[in-house]
Amino acid sequence: MRAARFLRYAALQFVVLTAGAMMFYAGGTWWDPATSRYELTHNFLSDLGMTRAFSGNTNYVSSAMFTVALASLGIALVVFAWTWRGFAFARGRARGVGHASALLGTLCGLCFTGIGLTPFDRALDLHNIFVLSGFSLLPLYIGTITFLMWRNQFDGPVLASSLVYFVFVVGYVVLIFFGPRLGTPHGHMVQVIGQKIIATASILHVMVMSSAVARLPMSEAFARGEVTRR
């Protein structure tokens, strides 16, 4: 399916552009503005989108690359969210959950797009609203599509990967709201590392899900009502 391929492309583009943005980052962390490069354990991904880095230097190249990377991924998630029928074409069960997953996936995608379009140093409050909203909605989205796959006896390994990812997402949400605070160097580092872990897990999950859905030749037939629903 085109939507699945688009999501997979956006995920790969995100990896490439984010890596490039790290190379062009103008330096500095929240606790040490004197650092000359991007620090994996001390810089959030959102730092890449700042128009002026913590070092005080302009950061336009890195900012542009990060904006394109995250906004594209968010848009691709919105498009992909409506392919939920691909998980249910065999049995057609839990259609209400499917519609809920599409709505939640759309909202998540819009929030992640918003994160990319609101630089941390230019629109802090709006940026944080998108971050907290996106990651609050994400476990609900992953939970609904995982339930949908289970009810329709979707491919076992893909279902298992979705369950594992769901645990990671819930754990990260707990970390955001109840973990160490950003007001200390240690707390800041823990939150940064947690973000890197969930970002890696998210890209892997996107690749697994998009590849699985792209291999479903009957999903479009189900969407047209050509497959018997039970």
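This structure is a prediction, so every number in the text was calculated from the model and none was measured.
Side chain of Tyr25 to backbone of Ser36: no donor-acceptor contact under 3.5 angstrom is found. Checking side-chain atoms of Ser62 against main-chain N and O of Leu48 turns up a donor-acceptor pair under 3.5 Å. A donor-acceptor pair under 3.5 Å links the side-chain atoms of Thr146 to the main chain of Ile142, judged by distance alone. Side chain of Thr83 to backbone of Phe80: a donor-acceptor contact under 3.5 angstrom is found. Not one N or O on the side chain of Ser210 forms a donor-acceptor pair closer than 3.5 Å with the backbone of Arg5. Proximity of a side-chain donor or acceptor of Asp121 to a complementary backbone N or O of Ala53 within less than 3.5 Å is not detected. Without hydrogens or angle criteria, Asp47 side chain to Phe44 main chain gives a donor-acceptor distance under 3.5 Å. Gln191 contributes no side-chain N or O that, together with a main-chain N or O of Arg181, makes up a donor-acceptor pair within less than 3.5 Å. Judged by distance alone, the side chain of Asn59 and the main-chain N or O of Gly49 form no donor-acceptor pair under 3.5 Å. In this structure, Ser72 contributes its side chain and Ala69 its backbone to no donor-acceptor pair below 3.5 Å.
Atoms CZ and NE2, from Phe166 and His205 in turn, are 11.0 Å apart once rounded to the nearest 0.5 Å. The CG atom of Leu103 sits 11.5 Å away from the OH atom of Tyr141 when rounded to the nearest 0.5 Å. Rounding to the nearest 0.5 Å gives a distance of 12.0 Å between CG of Leu77 and CH2 of Trp82. We find the CG-CD1 distance between Leu110 and Ile115 to be 11.5 Å, quoted to the nearest 0.5 Å. If you take CG on Asn128 and OG1 on Thr118, they are separated by 8.5 Å, rounding to the nearest 0.5 Å. The structure places CG of Asn152 at 10.0 Å from CZ of Arg95, a figure rounded to the nearest 0.5 Å.
Gln195 and Ile198 make their closest contact through O-CG2, 3.2 Å (heavy atoms, listed as atom of the first residue, atom of the second, distance). Shown here for Arg52 and Gly56, the closest heavy-atom pair between the two residues is NH1-O, 2.6 Å. Scanning all heavy atoms of the two residues, the minimum distance from Leu73 to Ile203 falls at CD2-CD1, 4.4 Å. What you find for Gly98 and Leu148 is that their closest heavy atoms are CA-CD2, 3.9 Å. Contact between Cys108 and Gly134 at its shortest, heavy atoms only, is SG-O, 3.9 Å. Residues Phe66 and Leu45 share a closest heavy-atom pair of CE1-O, 3.5 Å.
The side-chain heavy atoms of Leu7 and Val79, taken from C-beta on, include no pair separated by under 4.5 Å. The shortest side-chain heavy-atom distance between Met22 and Asn43 does not fall under the 4.5 Å cut-off. Using a 4.5 Å cut-off on side-chain heavy atoms (C-beta onward), Val158 and Met149 make contact. Inter-residue side-chain proximity for Thr106 and Val78 is flagged as met; some heavy-atom pair is nearer than 4.5 Å. Side-chain contact between Ile145 and Met209 is present, with heavy atoms from C-beta onward closer than 4.5 Å. The shortest distance between side-chain heavy atoms of Leu175 and Pro180 falls below 4.5 Å. For the pair Leu132 and Phe177, the minimum side-chain heavy-atom distance is below 4.5 Å. Between Thr200 and Phe168 there is no side-chain heavy-atom pair separated by less than 4.5 Å.
Under the 4.5 Å side-chain heavy-atom criterion for Ile, Leu, Val, Met, Phe, Trp and Tyr, Val190 and Val170 are members of the same hydrophobic cluster. Taking hydrophobic clusters as Ile, Leu, Val, Met, Phe, Trp and Tyr residues chained together by side-chain heavy-atom distances below 4.5 Å, Phe54 does not share a cluster with Tyr60. Two different hydrophobic clusters hold Leu117 and Leu137 under the rule that ILVMFWY side chains link at heavy-atom gaps under 4.5 Å. By the rule that hydrophobic residues join a cluster once side-chain heavy atoms approach within less than 4.5 Å of another member, Leu204 and Leu40 end up as members of separate clusters. Neither Ile75 nor Val15 shares a network with the other; the hydrophobic side chains, linked directly or stepwise wherever heavy atoms of I, L, V, M, F, W or Y lie under 4.5 Å apart, form separate groups for each.
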After noting the C-alpha distance and the side-chain angles of His42 and Thr35, does the key distance pass the side chain to side chain contact (heavy atoms under 4.5 Å, CB included) rule?
CA-CA 10 Å; His42 295 284; Thr35 59; over 6 Å; no

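The aromatic rings of Phe120 and Trp30 lie perpendicular to each other, with more than 60° between the two planes, well past the 30° mark.
Aromatic ring centres of Phe135 and Phe112 lie closer together than 6.0 Å.
With hydrogens and angles left out, the side-chain atoms of Ser46 and His127 include a donor and acceptor closer than 3.5 Å.
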